[in-house]
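A short worksheet on the structure shown next.
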Amino acid sequence: MIPKVIFMLRMQPYGMPPPSSHSLSLLRLPRNTTLCLLIALILPAVANEPIIAPIDSQSDRHVGEFHIPAPRGMIVASSGEPLAQSRVASRIVIQPSQIGSTTPEVADFLDSLRSALPEEIPWLPIGEDEIKRHLENRAWLPFPVSAALPEELDPTFYDELPVTCQLAPIYVRTYPEAELFAHTIGYIGDSLPDQHGPIAEIENLWPPTIGRAGLEKTQNKILKGNPGEINRLLNDDGDVIHEMLVRPPIPGKTVVLSFHLGMQRLARKYLEKTGRPGAFVAVNADTGDILALASYPSFYPNLFIGGISSEKYRVLADHEDAPFFDRAVIGEYPPGSTFKPIVALAGMEWGKIDGIKTKLPGPAEMRIGNHSFKNWSSTPEGLMDVRYALMRSCNTWFYQVGMDMGAHAITDVSERFGLGRKPHLPLPAVSSGNLPDPENYNDDASLANYSIGQGRVLASPVQMAMAMAALANGQHVPAPRLIQEIRDPVTGETLESFSPKIASHLNLDSESIELVRDGMWGVVNHHSGTAGRASMRRPVVYGKTGTSEWAEDGEKRSLAWFTGWVDAEEPRIAFAAVTHGRKWDSLSGGRSAAPIAAGFLREAYAQPDLYAVTPPEKSSRSIPNIAMAEPIEEPIDINPIRGNNLIGRLFRGLFGKKQKPEPILEPIPEPIE
């Protein structure tokens, strides 16, 4: 039951003098006011004892039927912290019939009002045309002249309002975390503007809103609630004589997200530290819960409420770092070497790699068709198995595997990891990435690019995080879960819950997965790995670095990745970090992207209670004994011949006739870190 005192905290009816600064202070509600309080705030005090207007109203009486927009539902993090909520604010309205009967009289009054009151007041751009139409069609109704007044406005200014001005209630949507969730939560706008023309059959007391982007848009039906209705009898001066509440507004429901607020803040912190655009995604590898989904840079969503100015929009839209672009969900990038674990599994699944028995050379470069493709290292690395090849991220080793098994094999296993299709996220735009058509991407040069995650293969950070989740649990790709529950806004009762789901099963040999895990352990924890900067003792980190080329505005940029998971449960966190350079930047996965994930994980596990993580007592796996590469004395120049005999190809590389190299087509080198 709502306490009676709540009904005292209402806005003054139209036509009444403005409240004193003292009484107005009662109207300033705390930011976390519940929705039931919001409803009570805007309902008239006579709601409990309605007075019905007499049927034989005089000619100077006007009956109006008005909709009371419903308070928009809250969006909260998993622990209940508000990420989007509504509050009641004030806006200034004038009563034209009490000012004058002509447009110049009202326009002059407005000019004097603007000059007399504080400059912080957000005046609406009102021209003489709006004034004229209002006087002709609705002179007895209030005329809004300002947007919602800022909370920080000095309340003493209200004492300066003339009697022809009143304070009218209006909802304001607020985003307490500002830019932190802007890409995911989005923003709202007015679905109908204030009217100045002929009176409609049903008028709105203030403009209703609608979701324009993000979850505000896709969950608009759940969040918007149902409007209430009130009948009023007004005189020519706009004074309310009688009113009756027909039905109260029903607030929108509360949407509970999977986000951990602290983790989202960490993701933003370490992205911002790079000074470059990028994204970071952290998920629960078992449930698919999205713990952090950050794209940097971002924007302030409140700029769009009520309409963003063209100047502010242009500044943001033209910014070289594209703050409107959601890199985590919409960004499509070549995954580079972070794709190699999938290629390794495809080789074993399709019988082209026989566990650690298959050993291939890792030359500094190799001949493919009419071109020479380089490894990132200029030093030949000898014969190596799949674990060492992953740890060292040897391009030339993977070229050979990719060309031997063909595009169909790579595509088959990539699809099992969810690549090439949209993750099921409740957002307006979600990238599907791209897997090339295996029928038309089966020549040696294309396969070489395919095998190291370049060329036509593209993936978003959220796709790569989900792929890492599958490697972490070894069984399936979890469906990403962003919305956990829908709750009643007043009682808090759960109205609908969304259980974890499986997007796809891997159906891969467990021993093959263990070999890939060994290699990814080595990437971070072996002295010869490429991401030593991300090493931790508790929990152990498994990862894969990647560096690739990415085109932006027709110009090439270097792109750095680091993906993986932690050997811990409750939750078992899988992640993907990506950062891209500007002109002339030279990035690497180990140097540029791994520190993002490392900073995130170290800070989270340093304060387990704050970030709701459980450091493991010990590692769940023994330290793998990764065999070092076997040296090869003779220099190697491999000119591959298609076929299934890998050993025969090795001997052809060792003893075949060398050819004069032609221009090199190479991936960006990935330095050892």
Side-chain angles (χ1 to χ4, degrees), residues 1-11 26-50 66-90 148 151 168-177 181 185-186 188 191 204-211 214-230 243-259 261 305 426 482-498:
M1 180 178 178
I2 300 173
K4 290 184 178 180
V5 69
I6 291 178
F7 289 100
M8 297 174 63
L9 300 178
R10 64 182 180 86
M11 301 304 294
L26 296 177
L27 303 177
R28 294 182 172 276
L29 298 181
R31 200 172 281 272
N32 292 327
T33 302
T34 59
L35 288 178
C36 59
L37 182 58
L38 289 178
I39 295 173
L41 185 64
I42 53 88
L43 295 183
V46 297
N48 291 334
E49 300 178 7
F66 300 90
H67 270 178
I68 308 168
R72 196 167 178 83
M74 296 178 69
I75 302 175
V76 301
S78 58
S79 296
E81 301 93 342
L83 307 180
Q85 60 185 348
S86 297
R87 66 176 176 87
V88 173
S90 308
E151 285 188 292
I170 188 172
Y171 294 139
V172 171
R173 192 67 163 168
T174 62
Y175 302 96
E177 297 299 323
F181 295 93
I185 292 180
I188 66 169
S191 61
N204 290 291
L205 290 181
W206 58 84
T209 58
I210 189 171
L215 290 170
E216 292 276 30
K217 180 177 181 179
T218 63
Q219 305 305 303
N220 186 69
K221 186 176 180 180
I222 293 171
L223 292 166
K224 71 177 183 177
N226 294 316
E229 185 178 325
I230 189 170
E243 58 187 2
M244 180 182 69
L245 179 65
V246 178
R247 65 173 184 272
I250 300 174
K253 299 177 179 65
T254 300
V255 177
V256 183
L257 304 184
S258 59
F259 283 126
L261 178 56
I305 296 177
L482 184 56
I483 299 176
Q484 291 182 330
E485 292 181 344
I486 306 297
R487 292 180 184 169
D488 185 281
V490 177
T491 67
E493 176 188 359
T494 298
L495 303 176
E496 187 176 8
S497 60
F498 303 93

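The first residue in the sequence is number 1, and the count goes up from there. Below, all heavy atoms of this structure are taken into account, side chains as well, without hydrogens, waters or symmetry copies.
Under a 3.5 Å cut-off, the side chain of Ser191 and the backbone N or O of Pro208 do form a donor-acceptor pair. Using modelled atom types, one side-chain atom of Asn220 and one backbone atom of Gly211 make a donor-acceptor pair closer than 3.5 Å.
For the residue pair Pro69 and Pro249, the shortest heavy atom distance occurs at O-CB, 4.2 Å. Listed here is the closest heavy atom pair of Ile75 and Ile185: CD1-CG2, 3.9 Å. The minimum heavy-atom distance linking Met74 with Gln85 is given by the pair CE-OE1, 3.6 Å. Closest approach of Ser86 and Arg173 over heavy atoms only: OG-NH1, 3.1 Å. Residues Pro251 and Ala70 come closest through the heavy atom pair CA-CB, 4.4 Å. Across all non-hydrogen atoms, the minimal contact from Leu83 to Phe259 is CD1-CD1, 4.4 Å.
Within the 4.5 Å cutoff, the side chain of Leu257 has no heavy atoms near those of the Val76 side chain. Two residues are said to be in side-chain contact when any heavy atoms from C-beta on lie closer than 4.5 Å; Lys224 and Arg72 meet this criterion. Contact of the Leu215 side chain with the Leu482 side chain is registered, since non-hydrogen atoms from C-beta on lie closer than 4.5 Å. Residues Leu261 and Ser79 fail the side-chain proximity criterion, which asks for heavy atoms closer than 4.5 Å. Considering only heavy atoms from C-beta on, Pro248 stays 4.5 Å or farther from Ile68 through its side chain.
Atoms CG and CD, from Leu205 and Glu229 in turn, are 10.5 Å apart once rounded to the nearest 0.5 Å. Ile486 contributes atom CD1, which lies 8.5 Å from atom OG1 of Thr254 (distance to the nearest 0.5 angstrom). The CD1 atom of Ile210 lies 9.0 Å from the NZ atom of Lys217; values are rounded to the nearest 0.5 Å. Rounded to the nearest 0.5 angstrom, Glu216 CD and Ile188 CD1 are separated by 6.0 Å.
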Residues Arg87, Glu151; criterion side chain to side chain contact (heavy atoms under 4.5 Å, CB included); working and verdict: CA-CA 11 Å; Arg87 66 176 176 87; Glu151 285 188 292; 3.3 Å; yes
CA sep, side-chain torsions, deciding dist, call: Ile483, Gln219, side chain to side chain contact (heavy atoms under 4.5 Å, CB included): CA-CA 10 Å; Ile483 299 176; Gln219 305 305 303; 3.6 Å; yes
Trp206 vs Tyr171, side chain to side chain contact (heavy atoms under 4.5 Å, CB included): CA-CA, chis, key distance, verdict: CA-CA 8 Å; Trp206 58 84; Tyr171 294 139; 3.5 Å; yes
Salt bridge (Lys or Arg N to Asp or Glu O under 4.0 Å) evaluation trace for Glu496 with Lys253: CA-CA 11 Å; Glu496 187 176 8; Lys253 299 177 179 65; over 6 Å; no
